[in-house]
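Every value quoted in this text rests on a predicted model; they were computed, and no experiment measured them. Throughout, protein chains are lettered first and strands after them, A, B, ... in sequence-line order, and every chain is numbered starting at 1.
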Amino acid sequence: MSNKEMSVASKLHSLLIACGTVACLAPALVGFNAQAQENAVSIETRFAAEEMRLIGRQVAASAWQSTQGQESTFQDLERRVAYFDEQKSIIDSDKLAKELSVVDVAWQPIKRAAQTLIDAGPQIVFTHEVVEKYGSQMDSMQSEFAEVADIVRVQKYGSVTNSTAQKNLWLNERINRNINRIFAGTGNVEKATQELQADSAELLGNLEALTRGDASREIRMITDPMAVEAMSSAFRKFSTVSTALSRIVGDAGDLREAAAARQTILSMTDSFDEALDSLVAGVDGLAVVGNEPSSLPVIYLVAPALVAFALLLMQFMSQRRRASYIKQGVTDINSALRKIAGGDLGVKVSEDNKALVEVARQINKSTSQQLELIQDIRGPFDLSVDEISKIGVSAKSLVEKGKELTRSVGESIAAATEMVRTSEEIKTSTVEAARTSDRNCQQVAQGYELTKDMSKASVDVRESVQETSKSAKRQGELIQSVTAAAEYIQALNTKISVVAINTRIEAEKAGEYGRPFLGIAEAIADLLREAGDEGRKIISEVRMLQNMSAENLASMENTVGTVVTILEYIDRLDGSLEEINSGSAAISSIIRSVDDAAGQSAVSALHMNSSMTQIRERNLEIGKVSESTVIGVGRLQRAMRDASESLGQFKPVGTPRVTGNETVQVEEVESIGVAPTVYREEDMTALEAGEPSRASV
Amino acid sequence: MSSQALQAVSMLEQAYAENVVPAPALAAAPMTWMGTSLGIAGTPLLVGEGEIDELVEIPAVTPIPGTKPWVMGVAAYMGGLLPIISGDVLFRQRPYAGRVREFCMVIRRPGFYFGITLSDVERNIKFPLEARDMDYPVDEDFANYTLGGFHDGDRFLAILDVEKLVADSNLSNAAIPAPVSNEETSDEQ
């Protein structure tokens with residue numbers, strides 16, 4: 001069979017398979033469309049039921065979210081309520097009347113509560129904004145009120161002012177709590193409203209009194225700048241509440257009703273979900289009954305489709321085998337050409353594909369010839385590249401060493417400069433030290449004079465104290481003699497007293513005749529009493545005087561000892577000053593020698609600096625020449641490398657290299673396309689079953 | 001003449017009787033306690049009027065062997081012998097080695113004639129009798145020989161009752177008790 005005949009037969013075969021497929025699929029398509037038209041109403045109802053269940057849950061979610069005070073929540077709630085009613089109206093089947101009535105019974109209270117929530121939406125949004133803003137400012141306000149209270153307590157503004165400042169803290173706290181309670185709508189809202197009004201008024205009054213003072217309440221005006229600033233800031237923040245207070249109080253009733261409505265919705269959510277689940281289950285039951293088709297039309301639809309599918313599968317498999325055989329041969333040739341383009345001239349193209357055997361044979365022959373030519377040229381180039389690389393390495397190391405030398409010279413110059421600067425500083429410091437040393441010598445001389453004066457004054461003090469001590473000793477002796485005289489007088493008094501007593505006794509013994517003596521004895525006794533008292537007083541005071549004299553004497557002796565000690569210290573100080581003076585002279589001579597050495601060091605460093613500068617300039621010139629050498633060697637090396645790489649692209653055996661020519665060659669090979677020979681089915685089967693054989697050129 | 005004179009005298013007497021101013025009533029003199037203020041063994045005491053025979057400087061004393069420690073000895077005084085008793089040892093009942101006493105008071109009672117050394121001699125003194133305090137606590141060593149006392153400023157002066165002192169059996173027998181003889185005991189055995 002010729003190629004033309006085989007092509008016509010293949011086209012005819014494909015045409016027959018296509019016609020058969022169309023004939024089989026047409027009845028199936030017509031039958032499916034009719035069945036879809038029959039089930040349209042049940043799907044809509046089921047969709048509506050599913051939507052109602054979804055919307056019911058969304059309504060509950062919106063009610064729960066309404067506590068967050070977002071305006072969009074109330075808009076969503078209103079839209080969902082309307083959408084629920086719309087979906088409910090779609091379901092009008094008589095079979096679902098019972099489920100619908102249950103849903104409606106659960107829906108109506110939720111709908112009314114949702115409407116209440118929607119009506120109270122603006123109030124909730126407004127109050128929530130106030131609560132949020134006030135709550136966010138609460139910590140800073142409490143801190144400011146606490147700061148005011150601390151300042152009032154520390155600066156002692158008085159107990160009433162202190163208690164007023166402290167009270168602001170818990171007033172602010174209670175206002176925040178009551179606003180939150182009103183917003184939540186729970187608990188005793190009326191009481192919270194009253195407390196909120198009273199607390200706000202009291203807080204404002206307290207701030208006014210603390211700012212301006214209130215004599216009637218005994219509250220002093222706070223003048224501390226930090227406290228005034230804190231109160232002003234707190235007052236500004238509290239304006240959030242004070243400006244919205246009347247509206248919050250007016251909306252308290254609506255907020256409470258909204259909270260009740262929210263609670264109603266949330267409490268009825270479970271029963272409402274159950275009703276909606278029942279409705280969805282009912283709708284599902286109806287949909288299953290409407291979708292039962294007869295078994296005969298299905299058979300009519302499926303059998304032709306299966307026949308058409310089998311025909312199409314056979315056609316596809318035969319075409320696929322043929323194309324893959326030719327594609328395998330082209331792939332082998334392309335792979336070999338890619339390796340040749342990469343320089344791998346040792347590759348061999350397989351010659352066992354009958355459609356492409358000639359092409360493969362010519363490629364193998366040309367690659368063998370090219371390989372022989374390249375191997376003859378490549379050897380000398382590789383040798384040159386290696387030698388130039390060595391020159392480049394040595395030139396680079398030379399440049400690096402030159403740079404290192406330049407850097408070392410630069411560091412040496414910097415060090416020499418630093419040495420010069422240090423020498424100058426040392427010189428300056430030595431001059432200052434010499435000046436200071438001279439001053440020290442002068443001060444030591446002054447101290448020496450002062451010690452002489454002190455020594456003289458101490459000697460005078462010692463002599464004066466010794467004179468005073470002698471005088472005090474004399475005083476003590478006199479006091480001693482006075483004491484002895486006083487004691488003697490006291491003893492005489494005692495004796496006189498004895499005489500007086502005996503006189504009285506004798507007068508008593510003499511009876512009436514001794515009465516005059518009795519009066520005399522009493523008079524003597526009175527005199528003796530007075531004399532005795534005075535005598536005792538004199539003795540006591542004289543003894544006190546004696547003690548004081550003794551203490552004064554001891555104190556003077558201590559003073560003399562102290563003066564003697566001071567004189568010793570002055571002697572030691574004199575010796576120390578002399579040593580300091582000699583040490584200062586030695587330091588001055590050392591400083592002068594250091595100054596000379598620093599000057600010489602500076603001169604040497606300057607000489608070294610100039611020498612280093614010259615070395616650096618020479619080294620820089622050498623570096624420039626070396627860099628030029630390196631650049632030249634690099635260029636030569638790059639040129640040799642390019643030539644070597646160009647030759648190196650042709651490898652006898654090994655890894656291929658990708659070059660720019662590869663794409664062109666591949667494109668040329670791919671442009672060969674499918675072989676002109678058209679094989680029959682039995683030929684292809686024979687080719688696939690045969691042993692793979694590879695021939696080389 | 002004489003009758004005229006007598007008449008004139010009687011008239012004068014009558015005139016005086018009619019115009020006489022009654023003499024002022026004598027106020028009752030306050031009762032006072034009088035005595036001597038002195039000290040024995042450092043304790044201030046009072047000795048009542050008539051209790052002391054006299055106060056004398058302690059004369060030279062001759063010790064008497066075999067007497068109690070408070071008997072300092074016997075001194076020759078005004079042609080007789082005067083036993084001298086140490087007030088410090090007698091009342092404190094312990095040896096005394098303090099300042100030498102200079103004076104003693106001589107007490108004379110029937111069967112007693114002796115001098116007691118004094119630590120202090122002050123003066124004659126008198127107190128209102130109603131001011132006597134019989135309950136104020138006194139130094140324990142003198143408590144048995146005192147009978148109340150008077151407050152003088154911030155101190156209390158107890159009254160030494162010489163009669164109690166003389167009645168003390170300890171004072172009436174100045175001899176040391178003789179030691180028990182062992183010989184008699186051995187003889188009896």
**Student:** Checking A:N502 side chain against B:E54 main chain: does a donor-acceptor pair fall under 3.5 Å?
**Tutor:**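 Looks like no, no N/O pair under 3.5 Å.
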**Student:** With a 4.5 angstrom heavy-atom cut-off, could you sort out which part of A:A521 is near chain B: side chain, backbone, both or neither?
**Tutor:**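 Both parts, heavy atoms under 4.5 Å.
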**Student:** Any salt bridge between A:K509 and B:D53, counting N to O under 4.0 Å?
**Tutor:**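 Looking at A:K509 and B:D53, the cut-off is met.
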**Student:** Restricting to non-hydrogen atoms, name the atom on A:S497 and the atom on B:V121 that form the minimum distance, rounded to 0.1 Å.
**Tutor:**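 Minimum heavy-atom contact is OG-CG1, 4.1 Å.
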**Student:** Has A:R474 got more than 12 heavy atoms of other residues, nucleotides or ligands less than 6.0 Å from its CZ?
**Tutor:**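 No, the 6.0 Å shell around CZ holds no more than 12 heavy atoms from other groups.
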**Student:** So for B:M34, is it side chain, backbone, both, or neither that comes closer than 4.5 Å to the heavy atoms of chain A?
**Tutor:**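 For B:M34, side-chain heavy atoms alone lie under 4.5 Å from chain A.
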**Student:** Out of curiosity, A:T494 OG1 to B:L118 CG, how far, rounded to the nearest 0.5 Å?
**Tutor:**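 Taking OG1 in A:T494 and CG in B:L118, the distance rounds to 11.5 Å.
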**Student:** So for atom CD, which belongs to B:E140, do other residues, nucleotides or ligands contribute more than 12 heavy atoms lying within a distance under 6.0 Å?
**Tutor:**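 No, CD of B:E140 has 12 or fewer neighbouring heavy atoms, counting only those of other groups under 6.0 Å.
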**Student:** For B:M78, look at atom CE and say whether over 12 heavy atoms of other residues, nucleotides or ligands are found less than 6.0 Å away.
**Tutor:**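 Not buried by this count: 12 neighbours or fewer within 6.0 Å.
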**Student:** If you draw a 6.0 Å radius around CZ in A:R515, do more than 12 non-hydrogen atoms from other residues or ligands fall strictly inside?
**Tutor:**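 Open: at most 12 neighbouring heavy atoms sit under 6.0 Å from CZ of A:R515.
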**Student:** Give a yes or no on this: more than 12 heavy atoms of other residues, nucleotides or ligands lie within 6.0 Å of atom OH of A:Y488.
**Tutor:**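 No, the 6.0 Å shell around OH holds no more than 12 heavy atoms from other groups.
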**Student:** Kindly check if the number of other-residue, nucleotide or ligand heavy atoms within 6.0 Å of OH (B:Y77) is above 12?
**Tutor:**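 More than 12 heavy atoms, drawn from other residues, nucleotides or ligands, come within 6.0 Å of this atom.
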**Student:** Taking everything shown except B:K164 itself, do over 12 heavy atoms lie less than 6.0 Å from its NZ?
**Tutor:**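 Yes, the 6.0 Å shell around NZ holds more than 12 heavy atoms from other groups.
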**Student:** Please determine if B:E102 and A:K495 form a salt bridge, counting it only when a charged side-chain N lies under 4.0 Å from a carboxylate O.
**Tutor:**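 Result for this pair is no, no salt bridge flagged.
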**Student:** Using 0.5 Å steps for rounding, measure from the CD atom of B:E49 to the CD1 atom of A:I505.
**Tutor:**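 Going from CD on B:E49 over to CD1 on A:I505, the span is 10.0 Å.
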**Student:** Crowded around A:E218 CD? As in, over 12 foreign heavy atoms under 6.0 Å?
**Tutor:**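 Not buried by this count: 12 neighbours or fewer within 6.0 Å.
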**Student:** Any side-chain heavy atom of A:R504 within less than 4.5 Å of one from B:T36?
**Tutor:**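 A side-chain contact exists here, since the closest heavy-atom pair is under 4.5 Å.
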**Student:** Report the C-alpha distance between B:E122 and A:R529 in whole Å, list the side-chain angles of each, state the deciding distance to 0.1 Å, and finish with yes or no for salt bridge (charged side-chain N to carboxylate O under 4.0 Å, His left out).
**Tutor:** CA-CA 8 Å; B:E122 292 190 7; A:R529 188 178 64 246; over 6 Å; no
**Student:** Under the side chain to side chain contact (heavy atoms under 4.5 Å, CB included) test against A:I501, which residue among B:V47, B:I52, B:N124, B:L38 passes?
**Tutor:**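 Looking at B:V47, B:I52, B:N124, B:L38, the match for A:I501 under the side chain to side chain contact (heavy atoms under 4.5 Å, CB included) is B:N124.
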